[in-house]
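Below is one structure; the comments refer to it alone.
Only a predicted model underlies this, so the values are computations on that prediction, with no experimental measurement involved.
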Amino acid sequence: MNNKEKYLHKILDAVVESCSYIGGGRLSITKEDILGKSRNENVVMTRCIAVAMMIQVGFSVTTCAGLLGRTTPAIRHMIQLDRQFAQTSMVYRIANRQADRRCKRIEDEEDEEEE
């Protein structure tokens, strides 16, 4: 696994941590759920946040598609869903802000490692 893949997986982990809660001793959403084919609303919203974070950091739609095992049109659709969810869901906006903060910490850690 190269540095780019490690960085993408760190972003994905941060988004999963931001969007899930601990219930019954386990996380409500796992990384496997995001990489899988679940159509659960919370999993779809988490996927949309993950795609938005990856695009915001500067990765391409094709790279996101490769990591998530989706097609590029599906990733573009998730970008549209991200905008719709951001307009209509307060919980989505809260989770998105929390994921953004965690991803910024990851970026700062990566910058420190490079120096």
Taking side-chain hydrogen bond (donor to acceptor under 3.5 Å, both in side chains) as the cut-off, I'd like each qualifying pair that reaches into residues 82-97, sequence neighbours left out, listed once. D82-Y92
Is any side-chain heavy atom of E17 closer than 4.5 Å to a side-chain heavy atom of K31? no
Are the side chains of M54 and L67 in contact, using a 4.5 Å heavy-atom criterion? yes
Interatomic distance, CE@M53 vs CD1@I106, rounded to 0.5 Å, equals 10.5 Å
Once you round to the nearest 0.5 Å, how far does SG of C48 lie from CE of M78? 6.5 Å
Find out whether M45 and L81 are in side-chain contact, i.e. whether some heavy atom of one side chain is under 4.5 Å from a heavy atom of the other. no
First locate atom OG1 of T30, then atom CD of E32, and finally report the distance between them rounded to the nearest 0.5 Å. 4.5 Å
If two hydrophobic side chains count as joined below 4.5 Å and joins carry through other members, does I79 share a cluster with F85? yes
When rounded to the nearest 0.5 Å, the distance separating OG of S18 from CD1 of I94 is 12.5 Å
Which of these, I29, L12, I34, sits in a side-chain contact (heavy atoms from CB on, under 4.5 Å) with R47? I34
Does anything in residues 69-79 form a side-chain hydrogen bond (donor to acceptor under 3.5 Å, both in side chains)? List the pairs, not counting sequence neighbours. none
Would you check if the side chain of S38 reaches a backbone N or O of D33 as a donor-acceptor pair within less than 3.5 Å? no
Between C103 and A14, the two heavy atoms sitting closest are SG-CB, 4.4 Å
Beyond-backbone contact of N42 with S28, side-chain heavy atoms, under 4.5 angstrom: no
